[in-house]
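Each chain gets a letter, A, B and so on, in the order the sequences are listed, and its residues count up from 1. Below, all heavy atoms of this structure are taken into account, side chains as well, without hydrogens, waters or symmetry copies. Just so it is clear, the model here is predicted, and its values are computed rather than measured.
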2 protein chains.
Amino acid sequence: MRVPRKTGNSKLVKKLNKEEVLQQVIQHGQISRADISKQTQLSRPCVSALVDEMIQEGLLQEVGMGDSRGGRKPILLEYNYQAYAIAGAIFEGSTLDMTIANLKGEFMARCRKRLDQPANGERVIEDLVAGLTRLLADSGMSHDQLLGMGVGLQGVTQRGQGTVSFSPSTGWMDSPIQEALEARLGVPVIIDNDVNLMTLGEYVRGVGVGHSHVVYMYVGTGIGAGVILDGQFYRGSREAAGEIGFMMIGPEQHRRNGASGVFETHYSVPGIMQQAEGVLSDLQEGSSVIEELILHARAGSVQAQTLLDDVYRHWAYGMANIVSILNPELLILSGEMVHIDDEGVKKIQEWLTEWVPKVPCLKKATLGEQAGLIGAVHSVLEAFPSTRLLDKA
Amino acid sequence: MRVPRKTGNSKLVKKLNKEEVLQQVIQHGQISRADISKQTQLSRPCVSALVDEMIQEGLLQEVGMGDSRGGRKPILLEYNYQAYAIAGAIFEGSTLDMTIANLKGEFMARCRKRLDQPANGERVIEDLVAGLTRLLADSGMSHDQLLGMGVGLQGVTQRGQGTVSFSPSTGWMDSPIQEALEARLGVPVIIDNDVNLMTLGEYVRGVGVGHSHVVYMYVGTGIGAGVILDGQFYRGSREAAGEIGFMMIGPEQHRRNGASGVFETHYSVPGIMQQAEGVLSDLQEGSSVIEELILHARAGSVQAQTLLDDVYRHWAYGMANIVSILNPELLILSGEMVHIDDEGVKKIQEWLTEWVPKVPCLKKATLGEQAGLIGAVHSVLEAFPSTRLLDKA
DNA sequence: ACTGTTAGTTAAACTTACTAACAAAGTTAT
DNA sequence: ATAACTTTGTTAGTAAGTTTAACTAACAGT
């Protein structure tokens, strides 16, 4: 763990002030030197000097005059969002989704590619490189401007170490993939679990905007959660926070060491499918269990309705536990949960109100498959705050 | 919410450097100017200037010479832990426990007092004032040196607002007690729940030392938990984090709006007592249910053993849920749980290993009734880091 | 006694932000 | 139209802090 230097000299002061000036420009979109001075309490000459330097460095631009407020017109400044670029990549099943974004996090180019199956680790790296090269060309950015790349994948990742221990869809197993990619791409790389990145995506651009205590609950092949506390992603002592599939919810079976957790076994998509065997004769590829169950229930199937209620109720148990421990202000439902109908949401909400004192807001995820890419881009953006851009220039 | 000024001038630098110098002295106990310079990367003249100022302010002292390392002997510096004092108070049942501590958190004087029952809010405040006056006299500190007071009580507190909404033992109901106390005592006051303060106590001086992801699980009249994540106390969006009594563990009963949670109802001390009615004929005041159950079980009572196992198992469910969500590195068992015998702990540990992938260390609380007072003192100590002492001087 | 080393201090240089004064470019009132 | 006032941005000099370089003090080993 690198301890940040706590001591400072005048250089530090300058850096801090520059950062704050940049922050003001980003926050206000367009702002004059005089207004920055008012906002930051820095003297006008000081702001001018800092701004001039940052214009030299290419981080800021003068973009015309503002309206007069009784005196000389202000020169408006803007952040140059095109100064650097960020790459994002998400592996979803056997497809690789990539994007290039500017410093605002806006996508400037995208591409998608099918991966050969079974996946070959080496080959996948080359696919990433090829995609990146193409995206850089499409977006008109140069490799020098690339700050880094965020990569999300289904599987078990150790973001802290930059390693992946289990990821069949990419063919990466127990490998220090971050290092390998950084060496090959020549830029910093962040590796993370796709649920974590989706969480981040919804937090910065989706339903999570404006909240600082958010839990993103995902039900798919497995059950997991992304946890944001006090505006910070929480990962746990060994990066296993949010592994809510292991909660003791549902019929407990003995001796299920390793593998999946109790909650996950019964109430993830495969778990529900198994329970639904008698009810849903056959489920076609690509359709949702919950949707099907809802259809059958509406058509009068008591069995379907019973199963649905059971699933909702146990999902609500999970939520109640999360809420009891973390007291979030927002719970985002994603994955299979987005198919819950209004009636279902209402039921769950009523149960929670009955069970726990401080019920958070419940909202379904809204960004769909974009969430992961947005999160990937923002994970890099977070690792490169304005601070580090100033160093780079 | 007050936004901390992010911009800086030379004053800020000086403050930062002074803080860091102070930090080094605190960390090393005794250290010379030269060594501080090496540790902090500040130049020797600079360190000398800062140290001299702090000696003037009474925060540091020269305490003799160190051994020569081939040249002139170093002058050793020490932090003046007696420069300021901190008061702590804990209400436990109908007794008020108070202390005065130095800046190291060491108790310099203590006193205990029985409160009249039923408690009268006004009267209790005067008891606090009286106790404080006496402790200041006993410890030889002056009121000017008092930095603040930490107060812990059983009940529902809103530390952020400094209010108490429900606390029968002190007679404070729905009152802005922090403000009242600050006005009466003339120093900053921190009000918090006793479980939170015990958590903090065990974290800084008990079994939690050296860990940064700790959950302190308390079973008493109710069930609650204190949560420390990444070295920071986590309170939740509406100060309701750690309200684990509301987890959905145990037989679910309908319509139990408000009041206590499902887990709490069945597995807190009163809950267990109720279940034990047939087993333990009568329980004398002041003894522990778990101890009694263990005794009966050892004496051959199958019923007692069954109930004990059931309790352990459900407590373990709670732990599993906590661990799944938070992935702490340490789980502190306190309250009634300290009476679990080794066999019981082992059982719980085995269950957890079976259920969840990353089992934390399980340890019983060790500080006993001291924990709360230590936490109370440290809550003030945290609110007055070296930063603010420098401002004060 | 001489050399080499460590601790602490003094003096000048350097970096940064601040204040005060000023120039530029507007608006408003007469 | 002109003068007075405002707001914006810049220039010049000052103040506060840290750093470097040199110096004194004090000590160990030979």
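A salt bridge links A:Glu62 with A:Arg33: at least one charged nitrogen is closer than 4.0 Å to a carboxylate oxygen.
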For nucleotides 11-16 of chain C, tabulate all protein N/O to nucleotide N/O atom pairs closer than 3.5 Å, reporting atom names and distance.
| residue | atom | partner | partner atom | Å |
| --- | --- | --- | --- | --- |
| C:dT16 | OP1 | A:Lys11 | NZ | 3.4 |

Set out, line by line, the N/O atom pairs under 3.5 Å between protein and nucleotides 28-30 of chain C.
none

Could you encode protein contacts along nucleotides 1-8 of chain D as a string, one character per nucleotide from 5' to 3', using B for base contact, S for sugar-phosphate-only contact and - for no contact, with a heavy-atom cut-off of under 4.0 Å? -----BBB
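Distance CG (B:Asp52) to P (D:dG17): 14 Å, rounded to an integer number of Å. The interatomic distance linking B:Ile31 (CD1) with C:dA7 (P) rounds to 11 Å, in whole Å. The CD atom of B:Glu62 sits 15 Å away from the P atom of C:dA7 (whole-angstrom rounding). The nearest whole Å value for the distance from the CD1 atom in A:Ile36 to the P atom in C:dA17 is 14 Å.
Counting non-hydrogen atoms under 4.0 angstrom, A:Ser43 reaches a base of the nucleic acid.
Between A:Ala376 and A:Gly88, the closest heavy-atom pair is CB-CA, 4.1 Å. What you find for A:Phe233 and A:Gly226 is that their closest heavy atoms are CZ-CA, 4.2 Å.
Contact between the side-chain N/O atoms of B:Ser68 and the OP1/OP2 oxygens of D:dA28 is not found at any separation under 4.0 Å.
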